[in-house]
Amino acid sequence: MLIGDFSLEDCDDYLARRLSANSRPLIGDAIRRVIGQRSHGLPLYLDLSVMRFLELRRNGHTPQPADFDHDFPALIARTLSDLTAPERHVLRSASLFSSFDVALATRAAGLPQEAPALRLVERPFVRETPFGLWPFHLHALIRATIRGADDQTDDRWSPADWQQAAVRAFAALGEQWSSGSDRDRLLLVGCLRQGLAIARDYRLDLGWLIEAAWTYIGDSVWEPLDLAASPEEEGVTATAADVLVELLSALARRQHENRARTVQRLVAVADTGLLPAELHEVAIYYRAKAQRDLGNTEGSRQGMQLVAAGGGRLAANARRGLAHLSRLAGDFPATLEAAEHLGWAGRHHRVVGDVRWVQGDMSSAVEAFGAARAEGEAHGKSGEAAMSQAMRAFTLAFTTEPTIDDEIDLGEHLLAQVDLRAATLDVRIAAFLRDAGTDKGVEDRAQVLSAEISTSGLLFVQAKLELARVFHHAIRDDQAGVASRISRLRELTREGYYAYYVDIAHFMADLPLDEPSGARWLDEQQAVRQRWRSMIIDRRALLASRSATGTL
């Protein structure tokens, strides 16, 4: 039997088999015919009709065809009338949720006892998923119909009743979230999804959603919230909840969209002026981050300065953003000095690691990234731990350290728990660097990576990949390959963004600098050059040794 719109014959066959007594259909021919015609082949209608048939018999009424001569909304209204008044009250309240438990339904209904909710969840039209966050749910069509049905019960709800129930349901979700563990991401995301939908649909103030949104953002995990589109009504102004939905969606989706699209969405969010100041700065900060990824350093700097000057929750992050911009411009002493004042909130260890690896000081960089990962884990920030480990693996992959496989594996393991596109690409570049200089299809892999990075709009990751490709060609002493990748690096950094990568490429290949970037290195330039050139020599020696022993 196909799942979807049943034929009349399928409907009749289903109803005849669904209930039987003494091997004969319990639902008579005439009733089956009416139900089938009214169902338009909808399986849910058939199920509800069977439930109503049983309910009528349980109450001592002999079901008649006229009892089922109704379209879907009327059937829902009749089903409501078969419930007790307290059960109807709980059912209407529960229809505000995509899923619920007994406590949540009772709280939303504003009742002092759970008995009506306990009776309701035993009704066959309430579905149960025992292992879900909230075990009970109503079919989406039932929910929508209940909320829009013109039922004829004496206790039918007015618009004001629905509004009051929405306020109670919203508060109940906030209470469940605030009473749970700070690290319960499943509860956080579940409450956000349902709370945002209720606040948006009933035009409620953000309330507890503000703090929940900060928790969601602070962990850098970026689970999709997957909210259904808001019912569009002509002339209705967007609410703060509408804008918060778009803000969080833009932040999560940026892991899968081009950064130019992220900037576009965040500009629109900021321009509404509907978010409270503390969430407005989120749009400004992440817009500045996306601008930096695209190479718009001036726009990024302005945004970061605005957030840093505001002194809000993201001020330390913005100061880190400004330090990164100094690093991008090649002012390494200024970046290192700024890192000393960032602390954990500004992810100081990761900033130090970012400065140290470009100096060719891989041991210090690896140590800093390891400290950043440990600090992230200690604070329960899995996103920070994953980002730091990705950079630790990337940095170590330039060396001949034998533990690189383990470091890459750990990076992949940590990233499996979060959604961080740039960090995932860092680990993949690390795997490329690990095999650099060999014939393991590294150039083919580089081309695939390049195409993926181009789609994402992550210009800084593209520059990293090109630097890794120079490393590969320098090991093989492929001067044409080196020249080609340096040319590409010049193109990527022509605005002065990561221009020192071109210097590093020359250091690797032992080429003179014809146009120095003007970078302010932490040590004498010759010392930096020697460190990068030594990595090429060390890798050649390792590959020669493996080739001699047949282990390449």
Handout entry: Tyr216 side-chain N/O to Glu223 backbone N/O, donor-acceptor pair under 3.5 Å
Key = yes
Exercise for the section: Give a yes-or-no answer on whether the side chains of Gln194 and Ser98 include a donor-acceptor pair shorter than 3.5 Å. Expected result: yes
Handout entry: Non-hydrogen side-chain atoms of His89 and Trp157 separated by less than 4.5 Å
Key = yes
Handout entry: From Glu87 atom CD to Leu118 atom CG, the distance as rounded to the nearest 0.5 Å
Key = 10.5 Å
Problem - Distance (rounded to the nearest 0.5 Å) between Glu278 CD and Leu206 CG - result: 9.5 Å
Completion exercise
d(Ser178 OG, Trp208 CH2) to nearest 0.5 Å is 9.0 Å
Exercise for the section: Show your working on side chain to side chain donor-acceptor pair (under 3.5 Å) between Arg253 and Thr262 and close with a plain yes or no. Expected result: CA-CA 8 Å; Arg253 285 298 305 165; Thr262 301; over 6 Å; no
Practice task
Classify the ring geometry between Tyr14 and Phe6 as parallel (under 30°), tilted (30 to 60°) or perpendicular (over 60°).
Solution key: perpendicular
Handout entry: Between CG on residue Leu91 and CG on residue Leu120, distance to nearest 0.5 Å
Key = 5.5 Å
Exercise for the section: State whether the side chain of Ser249 and the backbone N or O of Val245 hold a donor-acceptor pair below 3.5 Å, judged by distance alone. Expected result: no
Problem - Set of side-chain contact (heavy atoms from CB on, under 4.5 Å) partners for Ala386, sequence neighbours left out - result: Leu414, Leu415, Val418, Leu420
Practice task
Answer with yes or no whether the side chains of Arg185 and Thr215 bring together a donor and an acceptor at under 3.5 Å.
Solution key: no
Problem - Any side-chain heavy-atom pair of Ile31 and Asp67 under 4.5 Å - result: no
Problem - Test item: Trp214 side-chain N/O and Leu209 main-chain N/O as donor-acceptor pair under 3.5 Å - result: no
Practice task
Step through it carefully: locate the ring centre of His349, locate the ring centre of Trp344, and say whether they are under 6.0 Å apart.
Solution key: no
Problem - Contact check, side chains of Gln113 and Pro86, non-hydrogen atoms, under 4.5 Å - result: no
Practice task
Measure the CD-CG distance between Gln176 and Asp184 for me, rounded to the nearest 0.5 Å.
Solution key: 10.5 Å
Exercise for the section: Check Val307, Leu314, Val269 against Val282 for a side-chain contact (heavy atoms from CB on, under 4.5 Å) and give me the one that passes. Expected result: Leu314
Problem - Passing candidate, salt bridge (Lys or Arg N to Asp or Glu O under 4.0 Å) with Glu384, options Arg373, Arg347, Arg320 - result: Arg347
Problem - Short N-O contact, Lys381 and Glu375, less than 4.0 angstrom - result: no
What side-chain donor-acceptor pairs closer than 3.5 Å can you find for residues 321-328, not counting sequence neighbours?
| from | atom 1 | to | atom 2 | distance (Å) |
| --- | --- | --- | --- | --- |
| His324 | ND1 | Arg327 | NH2 | 3.0 |
| Ser326 | OG | Leu322 | O | 3.4 |

Practice task
Would you mind checking if Glu122 and Arg119 are paired as a salt bridge, meaning a charged N to carboxylate O distance below 4.0 Å?
Solution key: no
Handout entry: Main-chain N/O of Phe131 paired with Thr129 side-chain donor or acceptor, under 3.5 Å
Key = no
Problem - Contact check, side chains of Tyr202 and Leu96, non-hydrogen atoms, under 4.5 Å - result: yes
Practice task
Find out whether Met304 and Arg319 are in side-chain contact, i.e. whether some heavy atom of one side chain is under 4.5 Å from a heavy atom of the other.
Solution key: no
Practice task
Can you measure from CZ (Arg18) to OG (Ser49) and round to the nearest 0.5 angstrom?
Solution key: 11.0 Å
Problem - Intermediate values then yes/no, salt bridge (charged side-chain N to carboxylate O under 4.0 Å, His left out), Glu211 and Arg313 - result: CA-CA 11 Å; Glu211 196 61 37; Arg313 298 198 204 191; 2.8 Å; yes
Problem - Row check, Trp222 ring normal vs Arg254 NZ/CZ: under 6.0 Å, within 45° - result: yes
Handout entry: Heavy-atom neighbours of Asp205 CG exceed 12 at 6.0 Å
Key = no
